[in-house]
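Comments concern the structure below.
Labels below follow one simple rule: chain letters A, B, ... track the order of the sequence lines, proteins then strands, and each chain is numbered from 1.
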2 protein chains.
Amino acid sequence: MPAPTARSVTLDDVARAAEVSRATASRVLGGYGFASVDARDRVHAAADRLGYVPNITARALVRGTGVRLVVAVTGTDATVLDDPYVDRAVAAAARVCAPHGVGVSLEWLPLDAPAGLRRLDDRSVCGVLLVNTIAPVLDAVPAGLRGRVVSIGVGSPAVPSFDVDNAGGTEAVLRHLHAGGRRRIAMVTGPRWLSCAERSVTAYQRLMRAAGLPVRLVTGDFTAARGHRAALTALRRWPDTDAIYAVSDATALGVIAALRGRGIQVPHDVAVAGFDDIPYAAVSAPALTTATHPVARIVTAAASAVLDGRPVPPVTAFPSRLVARESA
Amino acid sequence: MPAPTARSVTLDDVARAAEVSRATASRVLGGYGFASVDARDRVHAAADRLGYVPNITARALVRGTGVRLVVAVTGTDATVLDDPYVDRAVAAAARVCAPHGVGVSLEWLPLDAPAGLRRLDDRSVCGVLLVNTIAPVLDAVPAGLRGRVVSIGVGSPAVPSFDVDNAGGTEAVLRHLHAGGRRRIAMVTGPRWLSCAERSVTAYQRLMRAAGLPVRLVTGDFTAARGHRAALTALRRWPDTDAIYAVSDATALGVIAALRGRGIQVPHDVAVAGFDDIPYAAVSAPALTTATHPVARIVTAAASAVLDGRPVPPVTAFPSRLVARESA
DNA sequence: GTTTGTGGTGGGAGCGCTCTCAGGTGTGCG
DNA sequence: CGCACACCTGAGAGCGCTCCCACCACAAAC
């Protein structure tokens with residue numbers, strides 16, 4: 001339970017000191033309505049002298065605007081909150097919200113309890129950013145939250161989506177591998193319940209089939225550890241694999257570590273590509289070829305949309321771009 | 001400007017539906033004071049039926065408790081907010097705060113404007129976590145914020161500190177390098193204005209002098225790019241360097257990339273060690289030897305202390321532990 | 001002279017909640 | 001029977017703010 005904070009200077013104090021009414025002080029400080037130059041000066045002087053800082057809680061209460069934006073991450077367990085993608089999203093959201101005096105909360109939305117969203121239907125919540133979410137969660141958005149929820153990923157008629165062009169990014173990576181002469185390309189997927197990761201899988205399947213190449217899928221979960229295991233599985237099943245495309249960079253780094261452990265040269269024997277362009281992709285050995293997308297821009301756009309409360313187009317797609325480095 | 005949220009079910013609605021007064025409903029839902037079994041049942045039933053969610057803003061206003069916790073990061077520019085350490089801190093803080101309905105804001109505190117803290121002396125702020133801060137900022141903590149501020153790093157008489165044992169961690173790493181036969185150990189520092197990073201430098205200097213070994217310092221800034229440059233500088237100045245200790249893992253990964261670029265074998269020719277144990281330390285090539293410290297635990301402790309408002313010991317130190325991997 | 005602005009001001013309601021306080025009603029005990 | 005002492009309840013003040021609305025003074029237009 002947060003402890004009460006010390007009493008501070010209120011608008012009443014300022015008004016009294018400036019010898020005007022609270023309404024006038026509010027008008028001056030809020031910058032709306034009329035006020036004589038004289039009153040304006042006196043109020044500003046008093047506010048400065050007293051060190052007045054408006055109480056955002058009270059403002060939020062009367063305006064009914066909410067004071068925190070929730071980043072809700074869907075997943076099987078709370079470890080999804082440790083994802084670097086989530087970290088970046090929270091940081092970007094926090095930066096957008098800070099000037100509004102709005103805080104950011106991180107919530108885990110269990111995969112099997114989509115109704116958990118209801119808990120957020122509280123007027124202190126000015127918006128929700130759904131990360132890595134699934135259709136049942138979108139369907140469970142309570143009416144009171146409508147218009148204040150956006151999804152970073154899959155959308156729905158009721159929930160606008162700000163999304164990465166996973167299919168386009170996947171295509172760029174696969175074309176690059178193909179251009180490098182790779183033909184037996186395995187893919188380490190994300191969790192299969194996550195439709196935005198599945199879009200990459202669908203794109204992979206489509207492109208491989210179109211090119212008459214074999215489809216080789218191993219399920220991963222975005223983590224490096226799982227990527228490590230997945231690489232070994234792929235090599236066991238299809239020893240002639242000459243490239244591995246991982247749906248996240250963390251996974252790709254795990255794949256590279258596994259190959260190194262097996263004495264397999266990257267990219268000479270097996271090329272490896274990831275997806276995300278995390279900071280360490282550039283300094284891994286070999287430096288990781290991946291697809292980049294503007295997480296910060298996506299989240300900034302999404303958070304701004306929620307905060308502004310403007311109507312938003314149902315889908316805003318952000319392009320993904322190939323970053324060719326050493327690993328493929 | 002956040003948009004007004006839809007009108008939702010209030011305590012009055014619940015009270016009316018349960019045919020009790022607002023006070024009784026509040027008492028039942030708040031779990032304090034007396035209430036007959038009958039009233040209790042009716043209120044709970046009504047709350048469930050109506051889908052009542054308390055408005056945390058209103059509660060915070062009347063209790064005067066604040067609804068957001070600010071993570072304030074000191075640095076020369078806003079890019080400090082992209083630090084993975086900061087990301088982890090925000091995520092951990094958000095997780096502690098969420099159950100209290102408290103949001104987390106991220107603020108950048110310019111290095112040359114310690115008074116920026118004053119802006120936070122607002123009753124909507126229930127606490128401040130100072131990250132990577134410096135003495136002038138601590139001295140500038142406004143009176144109204146006293147008791148609600150803790151520092152992750154250097155402390156002061158007015159501001160309790162939750163800190164990593166940088167000196168101990170540095171000692172552990174250097175002893176490990178020494179035990180591996182390394183004698184010409186260069187160090188890539190953090191920003192020189194950051195006293196908690198400087199503690200590592202002091203420990204390095206002390207230990208090297210005590211062992212009669214040369215002190216070789218290059219200034220870094222925690223980034224991989226700077227680590228890359230710093231490694232080249234160190235090699236130019238002291239070509240016989242046989243180990244590089246970087247004060248952050250990101251820096252160390254940059255160092256390894258630079259050495260690889262020069263065709264220098266790690267750890268055969270030059271050993272490399274970092275500090276932090278970020279997730280990618282384990283999957284880099286070679287896997288990075290580093291010192292780990294419990295960021296999540298530190299921040300959790302700090303955030304809980306602020307939220308609880310209990311008096312806190314002036315300094316709480318968290319041990320740092322060597323993680324020996326391949327790079328040293 | 002009356003009407004219609006137009007700039008300026010303050011009263012006051014009310015956002016949704018907590019919590020004090022003054023009052024009940026019922027039981028046990030001297 | 002009176003009194004203390006539970007248990008239980010609701011009226012109401014008030015957290016700090018915004019903003020509607022009534023009001024006033026004065027000037028311009030009819």
Side-chain angles (χ1 to χ4, degrees), chain A residues 1-43 47 50 52-67 101 121-126 144, chain B residues 1-43 47 50-67 100-101 121-126 144:
Chain A
M1 184 74 54
T5 61
R7 145 145 191 100
S8 49
V9 179
T10 72
L11 188 59
D12 266 315
D13 299 332
V14 174
R16 230 186 329 268
E19 294 178 316
V20 297
S21 72
R22 193 174 58 243
T24 300
S26 177
R27 241 178 283 123
V28 171
L29 265 8
Y32 60 94
F34 297 108
S36 63
V37 179
D38 182 48
R40 222 183 293 274
D41 287 350
R42 288 214 309 278
V43 169
L50 266 39
Y52 172 71
V53 182
N55 181 330
I56 296 185
T57 312
R59 177 179 297 170
L61 178 62
V62 59
R63 286 204 185 144
T65 56
V67 83
D121 185 13
D122 153 14
R123 296 189 62 184
S124 80
V125 172
C126 59
Chain B
M1 183 76 55
T5 59
R7 146 146 190 98
S8 48
V9 179
T10 71
L11 188 60
D12 265 316
D13 299 331
V14 174
R16 230 186 329 269
E19 296 179 314
V20 295
S21 71
R22 194 174 57 243
T24 300
S26 177
R27 239 177 284 123
V28 170
L29 264 10
Y32 60 93
F34 296 108
S36 63
V37 178
D38 182 48
R40 221 184 293 275
D41 288 349
R42 287 214 311 278
V43 169
L50 265 39
Y52 172 70
V53 183
N55 182 329
I56 296 184
T57 312
R59 176 179 296 169
L61 178 61
V62 58
R63 286 205 186 144
T65 56
V67 289
H100 295 284
D121 184 11
D122 152 15
R123 296 188 63 183
S124 80
V125 172
C126 59

Between C/dC17, C/dG10, D/dG16, which one does the side chain of B/Tyr52 approach most closely? C/dC17
Which residue lies toward the 5' end of DNA chain D, B/Ala35 or B/Leu61, if each is placed at its nearest nucleotide? B/Ala35
Regarding the side chain of B/Arg63, the nearest nucleotide among C/dT18, C/dT9, D/dT18 is C/dT18
Considering all heavy atoms, the nearest B/Pro54-B/Arg59 contact: CB-NH2, 3.5 Å
From D/dG16, D/dC8, C/dG16, pick the nucleotide closest to the side chain of B/Asn55? C/dG16
Please determine whether a side-chain nitrogen of the Lys or Arg among A/Arg16 and A/Asp12 lies less than 4.0 Å from a carboxylate oxygen of the Asp or Glu. no
So which heavy atom on B/Ala47 is nearest to which on B/Val14, and how close? N-CG1, 3.9 Å
Any B/Ser36 side-chain nitrogen or oxygen under 4.0 Å from OP1 or OP2 of D/dC7: no
What is the nucleic acid contact for B/Ala60, judged by heavy atoms within less than 4.0 Å: base, sugar-phosphate only, or nothing? nothing
Nearest-neighbour nucleotide for the A/Leu11 side chain, C/dC17, C/dG10, D/dT18 considered: D/dT18
Short side-chain to backbone donor-acceptor contact, A/Asp41 and A/Asp38, under 3.5 Å: no
OP1 or OP2 of D/dT18 versus the side-chain N and O atoms of A/Ser26: is any pair under 4.0 Å? yes
So, does B/Arg27 get its side chain near the phosphate of D/dG10, meaning an N or O under 4.0 Å from OP1 or OP2? no
Could you check whether A/Ala23 gets within reach of a base, just the sugar-phosphate, or nothing at all, counting any heavy atom under 4.0 Å? base
Assuming nearest nucleotide by heavy-atom distance, tell me which of A/Arg22 and B/Val20 is located more 5' along DNA chain D. B/Val20
State whether A/Ser21 places a side-chain N or O below 4.0 Å from either non-bridging phosphate oxygen (OP1 or OP2) of C/dT9. no
